[in-house]
Enquirer: 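I have a structure I would like to understand better, so I am pasting it below and will then ask my questions one at a time.
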Amino acid sequence: MLGPIFSALSGLKNTSQRLQNSANNVANINTAGFKKGDVNSVDNKSGGTRVNDISRSHTQGSLIPTGNPLDLAIDGDGFFQVTNPNGGTSFTRSGSFKQDGEGNIVDASGNALLPAINVPGNNTGIRVESNGQISSHVGQQTKVVGQLQLANFQKPSGLTAAGGNLFNESASSGAPETGTPGAVGFGTVRSGFLEESNVDITEEIVDQIVSKVAFKANINVIKANNEMLGSILDIKS
């Protein structure tokens, strides 16, 4: 008698986590470089299902033009490398960069791009090539000020979300391999573009509808079993 209740309870937890994950995906639909979460479920030995993990889908989002030379998008594989608040290195597909007060290139949260690149404050223009070479124009001269390096992983889906659209390496992702944009295994850099979120709103709406139906179905199973147990206890009394 209790088996269906335990299965329904695990189903409730599963669908609840699915709804929370979908809500997070939808909330970040306009976040540049955001990668949607996918809920992976497994069967319980005692019945029902449970969430095994939430992995990230690293399919590429559409590239949208912005006209800002420090808005960078990766066309292909790879991640930008930035410092994180803990002093380590994190990885992101969000290429919304800018200069800080000292001319260093940083992301929207102020995390420095790695390797560090400093652009003279009196520049009259910045150019970023598809191979990641960054030049600045000062007066009548053009000077190369740095070279972007991308990182890639054997299993990007194994990266752990660190908040702020950043990812950290894990045992599952493996250690990062770095290289120049355009090299084998690395995408090219598009200056003046940002990568959109890869969230599909239609897919999320369908998933939410299915999850809500499953949630109600599990509630009904619990109610039915509760009424049945009540009836049995009444008969025995």
Side-chain angles (χ1 to χ4, degrees), residues 1-62 77 79 84-86 90-94 109 152-175 195-237:
M1 292 292 296
L2 295 178
I5 294 180
F6 289 143
S7 295
L9 286 172
S10 67
L12 284 177
K13 185 176 182 180
N14 190 321
T15 53
S16 178
Q17 288 178 285
R18 282 185 173 277
L19 286 169
Q20 290 175 13
N21 176 71
S22 183
N24 183 61
N25 286 343
V26 173
N28 286 282
I29 196 167
N30 292 318
T31 302
F34 178 80
K35 300 303 174 185
K36 68 175 183 176
D38 290 324
V39 175
N40 303 308
S41 302
V42 295
D43 293 332
N44 287 325
K45 291 182 179 180
S46 58
T49 60
R50 62 179 175 82
V51 172
N52 186 45
D53 61 29
I54 298 177
S55 60
R56 293 285 173 173
S57 170
H58 286 280
T59 56
Q60 182 169 319
S62 301
D77 297 329
F79 295 83
N84 59 42
N86 297 322
S90 290
F91 309 90
T92 184
R93 292 280 297 196
S94 177
S109 299
N152 205 358
F153 298 83
Q154 290 186 344
K155 187 181 178 183
S157 61
L159 292 168
T160 58
N165 221 359
L166 301 179
F167 296 95
N168 290 338
E169 68 175 278
S170 69
S172 179
S173 69
E195 180 182 356
E196 287 188 315
S197 160
N198 66 352
V199 175
D200 184 331
I201 188 63
T202 303
E203 182 180 301
E204 296 302 324
I205 290 174
V206 171
D207 191 48
Q208 288 186 14
I209 292 172
V210 171
S211 295
K212 287 177 181 178
V213 170
F215 191 91
K216 290 180 179 179
N218 283 304
I219 287 288
N220 290 334
V221 168
I222 294 173
K223 286 181 178 179
N225 276 268
N226 184 53
E227 292 172 359
M228 189 179 297
L229 284 171
S231 299
I232 292 173
L233 292 174
D234 287 341
I235 292 172
K236 286 186 176 181
S237 63

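In this chain, residues are counted from 1 in sequence order.
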Enquirer: Rounded to the nearest 0.5 Å, what's the gap from CD1 on Ile201 to CD1 on Ile29? Could you check?
Expert: 4.0 Å

Enquirer: Between Ser94 and Thr92, what is the shortest heavy-atom contact and its length?
Expert: N-OG1, 3.0 Å

Enquirer: Can the ring centres of Phe153 and His58 be said to be less than 6.0 Å apart?
Expert: no

Enquirer: Answer yes or no: is there a donor N or O on one side and an acceptor on the other, between the side chain of Asn21 and the main chain of Gly37, under 3.5 Å?
Expert: yes

Enquirer: Is there a donor-acceptor contact under 3.5 Å from the side chain of Glu196 to the main chain of Gly61?
Expert: no

Enquirer: What is the minimum heavy-atom distance between Leu19 and Lys212, and which atoms define it?
Expert: CD2-CG, 4.0 Å

Enquirer: Please give me the minimum heavy-atom distance between Asn165 and Phe34, naming the atom from each residue.
Expert: OD1-CA, 3.6 Å

Enquirer: Is any side-chain heavy atom of Ser197 closer than 4.5 Å to one of Asn28?
Expert: no

Enquirer: Would you find a donor on one side and an acceptor on the other, under 3.5 Å apart, between the side chain of Thr15 and the backbone of Gly11?
Expert: yes

Enquirer: If you look at every heavy atom in Ser7 and Asn218, which pair is closest and at what distance?
Expert: O-OD1, 4.4 Å

Enquirer: Output the distance between atom CG (Asp207) and atom CD (Glu204), rounded to the nearest 0.5 Å.
Expert: 6.0 Å

Enquirer: Give, for atom CG of Asn40 and atom CZ of Arg50, the distance between the pair rounded to the nearest 0.5 Å.
Expert: 11.5 Å

Enquirer: Going from OG on Ser41 to CD1 on Ile54, what distance comes out if it is rounded to the nearest 0.5 angstrom?
Expert: 9.0 Å

Enquirer: If the test is side-chain contact (heavy atoms from CB on, under 4.5 Å), which one of Leu159, Asp38, Val39 qualifies with Ser55?
Expert: Asp38

Enquirer: Going by an N to O cut-off under 4.0 Å, is there a salt bridge joining Lys36 and Glu203?
Expert: yes

Enquirer: If you look at every heavy atom in Gly158 and Ser170, which pair is closest and at what distance?
Expert: O-OG, 2.6 Å

Enquirer: Rounded to the nearest 0.5 Å, how far does CG of Asn84 lie from CZ of Phe167?
Expert: 14.0 Å

Enquirer: If you round to the nearest 0.5 Å, how far is CG of Asn168 from OG of Ser173?
Expert: 9.0 Å

Enquirer: What closest approach, in Å, do Ala23 and Gln208 show between heavy atoms, and which atom pair accounts for it?
Expert: N-NE2, 4.0 Å

Enquirer: Checking Asn24 side chain against Gln20 main chain: does a donor-acceptor pair fall under 3.5 Å?
Expert: no

Enquirer: Got a donor-acceptor contact below 3.5 angstrom from the Lys35 side chain to the Asn198 backbone?
Expert: no

